[in-house]
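Inspection log for the structure reproduced underneath, given as structure tokens.
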Amino acid sequence: MNELKLSAAVGKPQVDRATSTIRGFKVATIGEARGHGLIVDDVTLSQLVQLGNAAGKLKCRFTHPEQSDGLGSFIGDASNFRREGDSVLADLEVSPVAAKSPRGDLADYVLSLAESAPHSFGASPHVKLAKEKIRGQKLPALRGLEFRAVD
């Protein structure tokens, strides 16, 4: 078993400033998980929806903890995982704590980025995984065992 952090393709999330919520941000998309040697397929997306909703809420961080010390990177909670076409979407409730991060006002930054530059707003699911070899497919498929966070 391995862990994976992959980047989802950019979506067009809807920002609700009154509730500090970003609705419909992309968590994962069908295709090659570039740099990971894996394929995200229909089964993967179904697993992410199921695992995400079973968790209720998953923490969202500004970056993967391995990319920095992790302190001050909490953004909020992701919930309402759903399938839309070739992607998994979720809603992000930005925490008031993110406005007081040691890194600055991450809350406003993330909300503003999703509003003004949705092409630059992306997410990366942090998943404990297994690999499944699929006949006729060059790369193995990602199989989710545990959905830990969205970064």
Side-chain angles (χ1 to χ4, degrees), residues 1-16 20-95 97-99 101-132 139-151:
M1 290 184 284
N2 300 311
E3 290 187 35
L4 175 71
K5 297 106 182 169
L6 58 98
S7 296
V10 177
K12 294 185 180 179
Q14 301 297 312
V15 177
D16 181 345
S20 294
T21 303
I22 301 170
R23 291 188 178 83
F25 76 97
K26 277 191 186 178
V27 174
T29 301
I30 286 180
E32 182 179 348
R34 295 177 197 195
H36 296 288
L38 294 167
I39 294 291
V40 172
D41 61 11
D42 282 311
V43 173
T44 310
L45 295 186
S46 294
Q47 290 174 334
L48 291 175
V49 169
Q50 180 183 7
L51 292 167
N53 287 326
K57 290 185 177 184
L58 288 173
K59 64 184 165 193
C60 286
R61 301 172 292 207
F62 191 67
T63 62
H64 293 303
E66 304 80 39
Q67 295 173 336
S68 67
D69 67 6
L71 183 64
S73 69
F74 179 70
I75 298 289
D77 295 302
S79 62
N80 190 24
F81 292 85
R82 60 206 179 267
R83 177 85 183 261
E84 193 170 295
D86 288 345
S87 299
V88 170
L89 306 181
D91 300 333
L92 171 59
E93 185 179 331
V94 178
S95 172
V97 171
S101 166
R103 296 176 182 203
D105 187 349
L106 293 179
D108 185 62
Y109 177 76
V110 168
L111 290 164
S112 296
L113 183 63
E115 280 176 327
S116 64
H119 61 280
S120 297
F121 185 85
S124 181
H126 181 164
V127 181
K128 185 174 182 181
L129 66 94
K131 299 175 184 180
E132 180 181 2
L139 297 173
L142 184 157
R143 296 296 174 247
L145 302 174
E146 182 182 351
F147 199 166
R148 296 182 169 173
V150 182
D151 300 331

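The analysis underlying the following values was restricted to heavy atoms, covering all of them including side chains, and did not include hydrogens, waters or symmetry mates.
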Problem - V40 side chain reached by L45 side chain, heavy atoms, under 4.5 Å - result: yes
Exercise for the section: Would you indicate whether the side-chain heavy atoms of D91 and R82 approach each other to under 4.5 Å? Expected result: yes
Practice task
Identify the heavy atoms of V49 and R83 that sit nearest to each other, and give their distance.
Solution key: CG2-N, 3.9 Å
Handout entry: Atom pair NZ (K57) and CG (L92), whose distance is rounded to the nearest 0.5 Å
Key = 10.5 Å
Problem - Minimum heavy-atom distance between K131 and P140, given as atom pair plus value - result: CB-CB, 4.0 Å
Handout entry: Contact summary for F147 and L58, nearest pair of heavy atoms
Key = O-CD2, 3.3 Å
Exercise for the section: Have a look at L111 and tell me which of V94, D105, I75 forms a side chain to side chain contact (heavy atoms under 4.5 Å, CB included) with it. Expected result: V94
Handout entry: F81 vs L48 side-chain heavy atoms within contact, under 4.5 Å
Key = no
Problem - Within 6.0 Å of CD in Q50, more than 12 heavy atoms from elsewhere - result: no
Problem - Side chains of L129 and L38 in contact at under 4.5 Å (non-hydrogen atoms) - result: yes
Problem - Interatomic spacing from NE2 in H126 to CZ in R61 - rounded to 0.5 Å - result: 6.0 Å
Handout entry: Closest contact, heavy atoms only, F25 versus I22
Key = CD2-O, 4.1 Å
Fill in the blank from the handout: Closest non-hydrogen atoms of S95 and A107, given as atom of the first, atom of the second and distance, are O-CB, 4.2 Å
Handout entry: Heavy-atom pair with the smallest gap, counting every atom of S73 and L106
Key = CA-CD1, 4.3 Å
Fill in the blank from the handout: CG (D41) and CG (L139) are apart, to the nearest 0.5 Å, by 11.5 Å
Problem - Approximate separation, where rounding is to 0.5 Å, of L89 CG and T29 OG1 - result: 8.0 Å
Handout entry: Whether over 12 other heavy atoms sit under 6.0 Å from E84 CD
Key = no
Practice task
Return yes if some donor-acceptor pair links the side-chain N/O of T21 with the main-chain N/O of R23 below 3.5 Å, else return no.
Solution key: no
Practice task
Go through the steps to decide whether R143 and T44 satisfy the test side chain to side chain contact (heavy atoms under 4.5 Å, CB included), and finish with yes or no.
Solution key: CA-CA 6 Å; R143 296 296 174 247; T44 310; 3.1 Å; yes
